[in-house]
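Counting from 1, the numbers follow the sequence of the chain as shown. In each ligand, atom 1 is the first atom listed, and ligand 1 is the first ligand listed. FYI, side chains are in, hydrogens and waters are out, and symmetry mates aren't considered; it's all heavy atoms of this structure.
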Amino acid sequence: MKYYILFGPPGAGKGTHSGAISEKYNLKHISTGELLRAEIAAGTELGQKAKSLISVGALVPDEVVEGMIENAFDTIKGVDGFLLDGFPRTLAQAEALDAILAKRGESVTAVVSIMIPDELIYKRIEGRALIEGRADDADRSIIKHRIDTYHSQTEPLIAFYKEQGKYYEVDVTGETIEENRQRVLKLMETIE
Ligand code: ADP
């Protein structure tokens with residue numbers, strides 16, 4: 001099985017490009033953000049706890065997302081692998097992922113990192129807010145908190161995966177979504 005991580009700051013377009021990648025490689029796309037929003041929509045206890053954290057742009061506890069990921073690996077069949085989007089987001093989550101995969105005799109295949117500068121993050125997220133209506137996209141101070149969290153908690157994963165020789169980065173500051181998508185797909189062709 002392949003285990004790809006789609007990595008990048010909030011608003012880089014992880015969700016936007018995940019469809020084309022998972023289709024091409026027969027992967028199941030797993031977005032922890034989407035799973036959490038589904039829990040909120042369903043009004044579950046987990047969702048209620050997650051909501052207050054997500055709405056201020058904070059991360060939910062590591063164990064929560066780790067449980068979701070392990071559950072997905074246990075239950076989803078009929079694919080050649082997984083495309084993880086928004087997970088791992090902390091060093092502890094990356095280590096937990098390694099442990100979850102090691103139990104199965106598996107390991108992370110590659111990290112596909114899509115990069116945009118902070119100024120562009122605001123522009124992209126504010127544009128998305130008008131389309132998707134996510135509460136955490138609507139407020140500049142919440143976006144700032146997510147960007148700060150990305151830099152302090154998530155960015156250290158770059159060194160973690162570079163050390164393992166699994167880190168691949170692509171610039172997605174192109175003008176159109178299609179152009180950026182082609183850049184991501186082209187990068188993936190170089191990975192094996
Ligand atoms: P974005 O990539 O724009 O930040 P996501 O849908 O990936 O959007 O995440 C939305 C929110 O869900 C995050 O700000 C965070 O509160 C929560 N979340 C998603 N994935 C994780 C994770 N791996 N660990 C902790 N919190 C997460």
Side-chain angles (χ1 to χ4, degrees), residues 3-19 21-22 28-42 44-73 82-101 108 111-158 160-161 170 172 177 180 184:
Y3 294 88
Y4 292 102
I5 296 167
L6 191 54
F7 185 88
K14 298 187 292 293
T16 302
H17 300 307
S18 59
I21 301 170
S22 33
K28 173 69 184 175
H29 169 227
I30 303 177
S31 156
T32 42
E34 270 174 26
L35 292 175
L36 290 165
R37 284 188 289 280
E39 294 280 341
I40 294 172
T44 65
E45 201 183 320
L46 192 160
Q48 282 170 10
K49 281 188 195 145
K51 188 176 179 178
S52 53
L53 292 162
I54 293 176
S55 63
V56 295
L59 296 181
V60 307
D62 291 332
E63 315 80 70
V64 171
V65 281
E66 288 160 13
M68 288 178 150
I69 291 289
E70 189 154 27
N71 180 49
F73 291 163
F82 292 88
L83 180 64
L84 305 182
D85 160 2
F87 179 91
R89 244 174 165 99
T90 63
L91 218 39
Q93 290 177 19
E95 284 163 356
L97 175 62
D98 281 350
I100 290 168
L101 291 177
V108 170
V111 177
V112 176
S113 175
I114 58 178
M115 279 299 155
I116 58 169
D118 290 359
E119 313 83 70
L120 202 53
I121 297 178
Y122 286 104
K123 223 176 120 198
R124 295 250 176 107
I125 291 186
E126 282 166 356
R128 179 171 78 184
L130 303 173
I131 301 163
E132 294 182 13
R134 273 171 55 180
D136 61 339
D137 282 349
D139 181 309
R140 223 177 152 85
S141 72
I142 296 172
I143 300 172
K144 177 167 187 320
H145 189 206
R146 285 157 63 200
I147 295 174
D148 291 346
T149 304
Y150 168 77
H151 287 306
S152 62
Q153 305 226 54
T154 309
E155 222 161 41
L157 298 186
I158 295 176
F160 179 84
Y161 287 113
V170 59
V172 287
I177 290 176
N180 290 322
V184 177

Considering all heavy atoms, the nearest Leu59-Leu53 contact: O-CD1, 4.0 Å
Can you say whether the rings of Phe7 and Tyr150 are parallel (under 30°), tilted (30 to 60°) or perpendicular (over 60°)? tilted
Between Lys49 and Glu45, does any NZ, NE, NH1 or NH2 come within less than 4.0 Å of an OD or OE carboxylate oxygen? yes
Can you find an N/O atom of Ile125 closer than 3.5 Å to an N/O atom of ligand 1? no
Nearest non-hydrogen atom to atom 23 (N) of ligand 1 belongs to which of Gly86, Ala50, Gly13? Gly86
Of the protein's non-hydrogen atoms, which lies at the shortest distance from atom 17 (C) of ligand 1, and what is that distance? Leu36 CD1, 3.7 Å
A student checking ligand 1 against Arg128 at a 4.0 Å heavy-atom cut-off should list atoms 3 (O)
Separation of Ile69 CD1 from Gln93 CD (nearest 0.5 Å): 8.5 Å
Does only the side chain of Arg134 get under 4.0 Å from ligand 1, or the backbone, or both, or neither? Count heavy atoms. side chain
Any N/O pair Asp85/ligand 1 closer than 3.5 Å: no
Please determine which of Ile142, Ile143, Asp136 meets the side-chain contact (heavy atoms from CB on, under 4.5 Å) test together with Asp139. Ile142
Ignoring hydrogens, just give me the one of Lys51, Arg89, Gln93, Arg146 whose non-hydrogen atom is nearest atom 13 (C) of ligand 1. Arg89
I'd like to check which ligand 1 atoms, numbered from 1 as shown, lie under 4.0 Å from a non-hydrogen atom of Pro10. 1 (P), 2 (O), 3 (O), 4 (O)
Under-4.0 Å heavy-atom contact with ligand 1, by part of Leu59 that carries it: both
At what distance, to the nearest 0.5 angstrom, does CD1 of Ile30 lie from CG of Leu6? 12.5 Å
Decide whether the shortest distance between a heavy atom of Leu53 and an atom of ligand 1 is less than 4.0 Å. no
Ionic contact status for Arg140 with Glu126, cut-off 4.0 Å: yes
Answer with yes or no whether the side chains of Asp62 and Thr90 bring together a donor and an acceptor at under 3.5 Å. yes
Test side chain to side chain contact (heavy atoms under 4.5 Å, CB included) on His17 and Ile177 and set out the steps. CA-CA 8 Å; His17 300 307; Ile177 290 176; 4.2 Å; yes
So, regarding Pro9 and ligand 1 (criterion: nitrogen or oxygen to nitrogen or oxygen, under 3.5 Å), is there a contact or not? no
Under 4.0 Å, heavy-atom basis, I'd like to know which part of Glu132 is in contact with ligand 1: side chain, backbone, both or neither. neither
Identify whether the distance between the nearest side-chain nitrogen and carboxylate oxygen of Arg146 and Asp137 falls below 4.0 Å. yes
Numbering as shown, the atoms of ligand 1 that approach Gly33 to under 4.0 Å (heavy-atom distance): 5 (P), 6 (O), 9 (O), 19 (C), 20 (N)
Just need the protein heavy atom nearest to atom 26 (N) of ligand 1, so name the residue and atom and give the distance. Val60 N, 3.1 Å
Looking at Lys14, which atoms of ligand 1 are within less than 4.0 Å of one of its heavy atoms? 2 (O)
One finds that the ligand 1 atoms under 4.0 Å from a non-hydrogen atom of Val65 are 21 (C), 22 (C), 23 (N), 24 (N)
Show the numbers, then the answer: is there a side chain to side chain contact (heavy atoms under 4.5 Å, CB included) between Leu84 and Leu97? CA-CA 11 Å; Leu84 305 182; Leu97 175 62; 3.9 Å; yes
How far apart are the C-alpha atoms of Met68 and Leu36, what are their side-chain angles, what is the distance that settles it, and do they pass the side chain to side chain contact (heavy atoms under 4.5 Å, CB included) test? CA-CA 9 Å; Met68 288 178 150; Leu36 290 165; 3.6 Å; yes
Using a strict cut-off of 4.0 Å, indicate which atoms of ligand 1 neighbour a heavy atom of Gly11. 3 (O)
One finds that the ligand 1 atoms under 4.0 Å from a non-hydrogen atom of Thr32 are 19 (C), 20 (N), 21 (C), 23 (N)
Strictly under 4.0 Å, does any heavy atom of Gly57 approach an atom of ligand 1? no
For atom 15 (C) of ligand 1, grab the closest protein heavy atom and report residue, atom and distance to one decimal in Å. Ala58 O, 3.6 Å
Does an N or O anywhere in Ser31 fall below 3.5 Å from an N or O of ligand 1? no
Contacting atoms of ligand 1, where contact means under 4.0 angstrom from a heavy atom of Arg37: 6 (O), 10 (C)
